[in-house]
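FYI, the numbering just counts along the sequence from 1.
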Amino acid sequence: QVQLIESGGGLVQAGSSLTLSCTGSGGTFSSRAMGWFRQAPGKARRFVATISNLGATPLYTDSVKGRFTISRDNSKNMLYLQMNDLKEEDTAVYYCAARRTATIGVRSELFDYWGRGAQVTVSS
């Protein structure tokens, strides 16, 4: 049973930085592409970033390019999202997700496993 647990969320001021972590267990973490998605209040869940199983080919949604960095440490079964220069519009619940395959994806339906989410709130 694959389990994903997010941590590191919180309340920060605009312009601040925050790092989200996702701990994976069950299955072979290093065989799976991973991603981060977010859901703002009243809105659909949306793609943020994705990374292949070995850490190559990171891909970001346009609104976070240059501010967010996705990375992973397969030796620790960990996925990270470094978020810099946070804006109010980044406020959302952030979800860690895993695919059964090694290749990246940007659509939520391509991901097979999900964490419960971590709240990130950015105040002005």
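- Each of Trp114 and Val120 belongs to its own hydrophobic cluster when Ile, Leu, Val, Met, Phe, Trp and Tyr are linked at side-chain heavy-atom distances under 4.5 angstrom.
- No donor-acceptor pair closer than 3.5 Å links the side chain of Tyr95 to the backbone N or O of Glu6.
- Counting only heavy atoms from C-beta outward, the side chains of Thr101 and Arg32 never approach each other to under 4.5 Å.
- Across all non-hydrogen atoms, the minimal contact from Ala40 to Ala92 is N-CB, 3.8 Å.
- Within 6.0 Å of the CD atom in Gln13, the count of heavy atoms belonging to other residues, nucleotides or ligands does not exceed 12.
- Residues Tyr80 and Val64 are members of separate hydrophobic clusters, defined by side-chain heavy-atom contacts under 4.5 angstrom among Ile, Leu, Val, Met, Phe, Trp and Tyr.
- If you take CD on Gln119 and CD on Gln39, they are separated by 10.5 Å, rounding to the nearest 0.5 Å.
- Judged by distance alone, the side chains of Asn53 and Ser30 never bring a donor and an acceptor atom under 3.5 Å apart.
- Thr91 and Pro41 make their closest contact through O-CD, 4.4 Å (heavy atoms, listed as atom of the first residue, atom of the second, distance).
- The pair Glu109-Arg107 counts as a salt bridge, with a side-chain nitrogen and a carboxylate oxygen less than 4.0 angstrom apart.
- Between the OG atom in Ser25 and the CD1 atom in Ile5 there is a gap of 6.0 Å [rounded to 0.5 Å].
- Cluster annotation: Phe29 and Met78 are assigned to distinct hydrophobic clusters (Ile/Leu/Val/Met/Phe/Trp/Tyr, side-chain heavy-atom contacts under 4.5 Å, transitive).
- A distance-only check finds no donor-acceptor pair linking the side chain of Arg46 to the backbone of Thr61 [under 3.5 Å].
- Taking both residues in full, the closest heavy atoms of Thr69 and Tyr60 are given as CA-OH, 3.3 Å, listed atom of the first, atom of the second, then distance.
- Ile104 and Leu79 are assigned to two separate hydrophobic clusters, defined by single-linkage of ILVMFWY side chains at heavy-atom distances under 4.5 Å.
- Within the model, atoms OG of Ser21 and CG of Leu81 stand 9.5 Å from one another, a figure rounded to the nearest 0.5 Å.
- Minimum interatomic distance between Arg100 and Asp112 (heavy atoms only, all atoms of both residues): N-OD2, 2.8 Å.
- For the pair Ala98 and Met34, the tightest heavy-atom approach, listed with the atom from each and the gap, is CB-SD, 3.4 Å.
- The shortest heavy-atom contact between Leu4 and Tyr113 is CD1-O, 3.5 Å.
- Checked by atom type and distance alone, the side chain of Arg99 never pairs as donor or acceptor with a backbone atom of Ala33 at under 3.5 Å.
- Classification of the Phe37-Phe111 ring pair by plane angle, with boundaries at 30° and 60°, yields perpendicular.
- Hydrophobic clustering (ILVMFWY, side-chain heavy atoms < 4.5 Å, transitive): Phe47 and Ile70 are in distinct clusters.
- For the pair Asp90 and Arg38, the salt-bridge criterion is met [side-chain N within less than 4.0 Å of a carboxylate O].
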